[in-house]
Amino acid sequence: MPLYEYRAYDAAGRLLKGLIDAPSERSAHDKVKERGLFPSAVTEDTGETGIRRGASGETLAFTMIQIATLLRAGMPLPAALESVSSQVTVPALQRALVRSRVRLSEGKNLAEAMADETVFPPLLIRLVEAGNTVGELENILERFAQFTERQDEMRRKLVGAITYPATVLVASIALVIFMLTYVAPTITGIYAGLGKDLPLPTMIMMGAGTFLETYAVWLVLAACLLVLAWWRLVPRRFKDTLALRTPFFGNLLTLSAAGRWCRTLAMLHAGGVPLQRALKGAREVLDNVVLMDDMGVVEQQVETGSGLAAALRKVWRMPPLVAQMAETGERSGALEGLMNSAAEFYEKDLDRRIAQFFRLMEPAMIFGIGIIVGFVVVSIMLPIIQMNQLM
């Protein structure tokens with residue numbers, strides 16, 4: 001059944017937009033009227049709306065919690081999707097929910113209905129598929145929402161930790177450039193008119209200012225070209241390998257990936273997904289192709305009959321604790337709990353390392369910027385002091 005996008009006014013005169021499924025445009029027009037609205041335009045939604053913004057993790061998590069709550073209250077799945085889709089404000093997510101409900105009416109299950117929508121991540125599709133199998137769809141959706149919220153919280157912590165020093169650094173660089181290109185030439189030009197040699201620090205500063213003033217456009221253009229070449233021309237495998245080998249930051253990336261992998265595997269396994277498929281789903285949440293290849297080796301080893309712990313020990317990039325936890329989980333039958341424990345350990349270790357790094361970086365950055373600003377100030381003040389002595 002096709003979808004139609006409508007623009008309509010309510011009784012208060014407010015313009016509303018939405019989607020509705022109907023066999024024809026006339027039927028869609030009538031359905032909009034049945035909702036107490038006055039349609040001004042009803043057009044078929046072809047799915048080609050130009051550039052679409054996907055839903056954020058927070059929005060997607062909240063939507064899944066809403067669906068789970070309605071299902072737990074006894075509402076049928078199609079009605080739950082219709083109710084939630086009418087409240088969603090993100091067009092791409094709203095369309096995805098409405099299309100999924102239409103596919104449900106055509107006989108597909110929820111996982112099949114959601115599989116064709118790019119808004120829904122593959123991890124969610126796998127969890128919904130498992131939830132349909134074991135009959136715990138509400139619990140599965142809630143687990144996904146909790147997992148997504150936890151990942152967003154980790155991301156917010158990282159962004160928050162970076163924001164302050166990045167702001168200070170950018171502001172300091174802008175101040176130095178302003179002093180070099182505008183303030184310093186004015187003062188030193190006055191001094192140069194007296195026919196005296198400039199002090200060495202002042203000459204260095206003026207040379208830097210002249211260089212920036214002459215080649216600023218070319219420097220910006222070169223930087224943009226380098227960034228573009230890095231993202232477009234350099235193979236991703238090379239970039240990911242370099243990232244993992246970068247001192248300190250490579251270790252942070254490994255810890256972050258290990259935590260996400262353990263958390264995802266635990267969630268999928270607890271949701272009833274078979275281990276081999278759970279391993280594939282956990283591999284898909286990794287952002288590094290090198291680590292994804294390593295986890296692909298683990299999948300192959302498990303498929304050939306190897307234990308999970310033995311397979312993990314063959315991957316040297318994965319921290320040893322993961323294999324130890326997996327071995328204990330296999331013996332005790334508590335793989336989910338131990339993988340969650342490993343994920344919590346790595347998340348806390350990552351938080352601690354990031355906080356420690358920024359505690360050390362902030363004073364070091366302030367000290368370095370202070371030296372640069374102090375040099376510029378001294379370079380400006382030296383000619384003034386010498387002019388006072390001459391006068």
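Quantities reported herein were computed from a predicted structural model and do not represent experimental measurements.
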Could you report the tightest heavy-atom contact between A326 and L312, atom names first, then the distance?
CB-CD1, 3.8 Å
Without hydrogens or angle criteria, can the side chains of T264 and R260 be said to hold a donor-acceptor pair below 3.5 Å?
no
Ion pair R331/E327, N-O distance below 4.0 Å:
yes
Test applied, salt bridge (charged side-chain N to carboxylate O under 4.0 Å, His left out); reference residue, E299; option that passes from R283, R277, K314
R283
Treating Ile, Leu, Val, Met, Phe, Trp and Tyr as nodes and any side-chain heavy-atom pair under 4.5 angstrom as an edge, say whether I371 and V170 lie in one connected cluster.
no
Could I get the full list of side-chain hydrogen bond (donor to acceptor under 3.5 Å, both in side chains) partners for R72, not counting sequence neighbours?
N139, E142
With sequence neighbours excluded, what pairs up with R263 under the side-chain hydrogen bond (donor to acceptor under 3.5 Å, both in side chains) test?
N340, E347
Quick one: do D351 and K348 make a salt bridge, cutoff under 4.0 Å?
no
For the student: nearest non-hydrogen atoms of Q301 and A311, plus distance
CB-CB, 3.5 Å
Tell me if the centroids of the rings in F144 and F120 come within less than 6.0 Å of each other.
no
Please check if the side chain of S24 supplies one atom and the backbone of S27 the other of a donor-acceptor pair under 3.5 Å.
yes
Hey, does L335 have a side-chain heavy atom less than 4.5 Å from the side chain of L308?
yes
Would you please name every residue forming a side-chain contact (heavy atoms from CB on, under 4.5 Å) with V315, sequence neighbours left out?
D294, M295, V298, M318
When R103, R101, R95 are each screened for salt bridge (charged side-chain N to carboxylate O under 4.0 Å, His left out) with E117, the one that passes is R103
